[in-house]
Amino acid sequence: MPHDISAPITPHPPLIRLTTSALDLEEVLAYLTDPKAGGEALFVGRVRDHNHGLQVEYLEYEAYAPMAERLLGVLAAHLQRTYHPVRLALVHRLGRLAIGDAAVVVGVSAVHRDEAFRACREGIDRLKLEIPIWKKEFFTGGARWVDNCQGCAAVAADYADYLLQAPEHQPQGSIEHAGSFVTDSRG
């Protein structure tokens, strides 16, 4: 049966997931596929072996999952209102990750590539800035908590404007994250 090309595009519920399992990129790509989408954009954040001159050995991600998932839902709702994606995926891994592991996936399918690219970029920037997922970096001789996003100042300013424009967008509760240096206790 042919697709009804005159039917309005209704976005699917976003794929939102926090997991301690390896991220399944094929699953996300399969979720994004839709005959009404002409463009798909996928961002995959991976664990790299260095940061600020330090040799990174592995990372650990922690979150209070109910709060993080709720805020991922707020972010998804914002992206759906702004870019009208056909499908949207916000997936993050928690726990210990090795070098090269996929830590986060933001995927967007939209009617046109421009919306897909812009929604994907804003999605990962805001996810790193707004979602209470904490990253602890273990390197040779120590460990430290890492700020979510050092290059997201412009996104933060835009987000502040966004919250002021519509009070219903404001997340409930408070968000805190650690940013202190800790000494390696592994011996």
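The figures that follow rest on heavy atoms only: side chains count, while hydrogens, waters and symmetry mates do not.
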task = Could you tell me whether a side-chain N or O of Q55 sits under 3.5 Å from a main-chain N or O of D49, the two making a donor and an acceptor?
result = yes
query = Under the ring-ring contact (aromatic ring centres under 6.0 Å, His included) test, which residues partner Y61, sequence neighbours left out?
reply = H92
inquiry  = Once salt bridge (Lys or Arg N to Asp or Glu O under 4.0 Å) is applied, what residue pairs with a partner in residues 105-117 remain, sequence neighbours excluded?
reply    = D114-R118
ask   = Are any side-chain N or O atoms of R87 and backbone N or O atoms of H12, one a donor and one an acceptor, separated by less than 3.5 Å?
value = no
task = Using the salt bridge (Lys or Arg N to Asp or Glu O under 4.0 Å) rule, take R93 and D101 through it: C-alpha gap first, then chi angles, then the decisive distance, then the call.
result = CA-CA 9 Å; R93 188 166 170 197; D101 283 351; 3.4 Å; yes
ask   = Are Y31 and F43 linked, directly or through other ILVMFWY residues, by side chains that come within less than 4.5 angstrom of each other?
value = no
request  = Using the test salt bridge (Lys or Arg N to Asp or Glu O under 4.0 Å), find all partners of E137 that sit at least two apart in sequence or belong to another chain.
outcome  = R144
query = Are V105 and L75 connected in the hydrophobic side-chain network, where two residues link if heavy atoms are under 4.5 Å apart?
reply = no
message = For a quick test of reading the model, state the closest non-hydrogen atom pair linking A98 to V47 and the distance between them.
response = O-CB, 3.4 Å
message = Ignoring hydrogens, what is the shortest heavy-atom contact between A76 and I16? Give both atom names and the distance.
response = CB-CD1, 4.1 Å
request  = Begin from the C-alpha positions of E62 and W145 and carry the test side chain to side chain contact (heavy atoms under 4.5 Å, CB included) through to its verdict.
outcome  = CA-CA 11 Å; E62 295 181 14; W145 291 100; 3.6 Å; yes
query = So among L97, V28, V91, V44, which one has a side chain to side chain contact (heavy atoms under 4.5 Å, CB included) with L23?
reply = V91
remark   = Shortest non-hydrogen pair, A68 vs I133, comes out as CB-CG1, 4.4 Å
request  = Quick one: closest heavy-atom pair of R46 and L25, and the distance?
outcome  = NH2-CD1, 3.6 Å
inquiry  = Between the side chains of E27 and R17, is the shortest nitrogen-to-carboxylate-oxygen separation below 4.0 Å, so that they form an ion pair?
reply    = yes
